[in-house]
Each structure stands twice: as structure tokens, then as C-alpha cells.
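Here's the structure, in C-alpha cells; my notes come after.
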There are 2 protein chains.
Amino acid sequence: MDYPQSQGARAIGARLRRLSDAIDADAARAYSVLGVRFEQRWFGVMNQLLEREAATVGQLAEALGITHVSVSQTRQSLEKAGLVTAEADPSDARKRRLRLTAEGRDMAARLRPLWRAFDAAAEEVDADAGGIVARLSELEKALKQASMFERIMVHLDKAGDR
Amino acid sequence: MDYPQSQGARAIGARLRRLSDAIDADAARAYSVLGVRFEQRWFGVMNQLLEREAATVGQLAEALGITHVSVSQTRQSLEKAGLVTAEADPSDARKRRLRLTAEGRDMAARLRPLWRAFDAAAEEVDADAGGIVARLSELEKALKQASMFERIMVHLDKAGDR
DNA sequence: CGCTATTATGTAGGTGCCTACATATTGTCA
DNA sequence: TGACAATATGTAGGCACCTACATAATAGCG
């Protein structure tokens, strides 16, 4: 038994990160094997742009559940790679409308089999891990109901009572 | 239902990361409320040094399940903060022996109640999320048995057969 | 219409980990 | 004993996100 496991619940944050990093690294490796330069964070944005053709930074952020800053930064590297274009929205100069370029669409088509394989691998792993995905949903819900910070503070106050 | 949940298993890596980041941020906030400057990554190293008094970079890396590079970098910021000292091992000049300083011990003592509160909060969340910690262990085991990369490749080959 | 509040997105710097590569030390073997 | 393999740790750069702060545009109100 290694350290994270020996620590029970306390190492949960660290374990989540390491699992995430491991999965990301494996995905990167898969792209690399196909000879494709691809940033993992592009997937969410590209997938959304495939589904809806155009979207603003804010819309993507909301849809993906990340900050607008992350979307903005991702957008910049996507543009640099020629996969996405960004233009001001006609009805509101603050908004930037993002679209896949033809090259972006080609890339997505090319990666479709790989993304399918990702899906299959992920479902397999979910089954092997006793339904981790449903548990993640529950964890997200639990933290939305009461954040770790709030919980920590409650226990800290209790300790202070002694 | 937001995007990560709507994507089922495929967004597992991203979800793990976001949960991890959220928990880290909450922990950071708790330290901040106590007026303590503390890096989350210090916890694992400091806890080990409390338990065993001295340890090498390699030992800590193995115990914590992270790379020696991460330990080395953490050690450097801990030293800079005056919480840890590092000296060459008497029996092997390559090895660096790390120890908590008196200041490091004081810091740990001071944080004990907070770490206790972390533990309690984490166990609470584990219970609320239907035993996520055990599922994480199963996920770790599943990925050790067959990595995401290997699984992706298997499915990719299958797709190629069509 | 002018002012203020709100909204949209960008810049800067940071987090905790990783891989690739590098250097120095120790161990082993002929 | 010397050469080479193995071991220990460090440097550099990267990843995908975050918060704080900033600027510009729009909405709303008197």
C-alpha cells in the first residue's frame, strides 16, 4: 500500500490530480503515436464547435464548466495552430465568436477514430473501477452542496471548542 | 446537466482535474484564513518528515508516489521558507537527507488542528460521495493493470479492422 | 443624454505535478 | 585498477487549469 492509499480520505485532492495527470499523459501519448500535435485542452472547445458551429468565449466556458480565461487561452493556442478563428460578434463588440477553420474540421475528422477509442477506453475503466464516473458526479454534487472549505471551517470551529 | 456530466466517461480526466483543483483551492483558502503561507504540496513531505525525522529525496518520492523531481522542487521551496534543511548523506554523496527545522516543526504543530479538520472534511465528503475514495483506489488499480494508453490503442486497432 | 453598473474577454502570474535531459557519485566486473 | 552501468538528484520547460486585475463595450436609469 503506497502513501496516498495509506492516508485514506485525506489525500483525496492529490490522488485526483495524479489520476488526472496520468490520464492526460496517456492521451497525449496516443495523439503522439498518430503523429498529431494536439493539446488535450483543445478537445472540449473543438467538440463544442463541432456541435454548434460557432460560440463565444463565455458560452464555451459555461458549457465546459471552466473559466473564461481558460477558454481564452485555449482559443489563442487553437488560433495559432490554425484550427479556430475568432471574430467580434456583430451584435456586441465585446463578444468573440469562435469557429472551426476548414483545417480544424479536417483535424476533428481525422481524430474521430481516436476519440471513439478514448470513449471506449474510458467506459471500460469506469466499469473496472466500480462506476467511478457516477461517484465523481456525486462528489461534484457534494462539493456544490458544501465546499471543502466550508466543511474544514466547521470542523476547525468544533476543534476550537475544546 | 453540464458538459462534463453530459459526456459520460469521456471527460473523466478533465473532471478529476477540476475536482482536484477545487479541493486544492479550498485548502489554500483555509491556510489563508489562518494567516499561514503554505503550499499544498508541502503537506506530503512535511508529514513524512514528521513520521521519520529524516529522509532522502528518493525515499520521499517513493513514499508519496510522485517523481523525485517534484520532491526536489518541493524541497527547494520548503528550504527557502526555512522549514526544511537538506544535507548530503554521510554514506552516499549523491543522496540528500532532508529534515524539518525547528521552524518546520513549529509550523506543523500549529497546523495540526487544521490538518485534523481536513481529515474530517475529507471523510465526510467521501461518505457523501458514496465512497469515492475506495473507487479511486479501484481506478488506480485498473490503470495499473492496463493504462488508458493501452486501452485506447486496443480500441483503435479494433476500429482500424473495419 | 450622461453616468454608473454590469458584462465580455484579455493579461499576468501562479499551482503542483510531469518528461526529457544532464551531472555527479557509487557499484560491479574484467 | 579502470571502464561502464546503475543510481541519486537537479535544471528546464511544459501542462491545463486557476485567481486577481484590467480594459472596453453595453445596459439601465434618472
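The sequence lines fix the lettering, A, B, ..., with proteins before strands; numbering per chain opens at 1.
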message: On the nucleotide dC17(C), are OP1 or OP2 found under 4.0 Å from the side-chain N or O atoms that Arg41(B) carries?
response: no
message: Measuring to OP1 and OP2 of dT23(D), would you say a side-chain N or O of Arg94(A) lies under 4.0 angstrom away?
response: no
task: Describe the nucleic acid contact of Gln73(B) in one word from base, sugar-phosphate, nothing, applying a heavy-atom distance below 4.0 Å.
output: base
Under-4.0 Å side-chain N/O to phosphate OP1/OP2 contact, Arg75(A) with dT9(C): no
message: Just N and O in the side chain of Gln59(B): are any of them under 4.0 Å from OP1 or OP2 of dA8(D)?
response: no
- prompt: Does Gln40(B) place a side-chain N or O at less than 4.0 Å from the phosphate oxygens OP1/OP2 of dC17(C)?
  reply: no
- prompt: Which part of the nucleic acid, if any, lies within contact of Ala25(A), taking any heavy atom under 4.0 Å across all strands shown: a base, the sugar-phosphate backbone alone, or nothing?
  reply: nothing
query: Should Ser72(B) be listed as having a side-chain N or O under 4.0 Å from OP1 or OP2 of dT9(D)?
result: no
- prompt: Under 4.0 Å: is that the gap between some side-chain N or O of Arg17(A) and OP1 or OP2 of dC17(D)?
  reply: no
- prompt: Under 4.0 Å between a side-chain N/O of Arg96(A) and OP1 or OP2 of dA8(C), yes or no?
  reply: no
- prompt: Charged N to carboxylate O under 4.0 angstrom, Glu140(A) versus Arg18(B)?
  reply: no
- prompt: Does any pair with a residue in residues 23-33 of chain B pass side chain to side chain donor-acceptor pair (under 3.5 Å), and if so which ones, sequence neighbours excluded?
  reply: Tyr31(B)-Trp115(B)
query: Does Ser70(A) have a side-chain nitrogen or oxygen under 4.0 Å from the phosphate oxygens OP1 or OP2 of dA16(D)?
result: no
message: So Val71(A), base contact, sugar-phosphate only, or nothing? Heavy-atom distance under 4.0 Å.
response: nothing
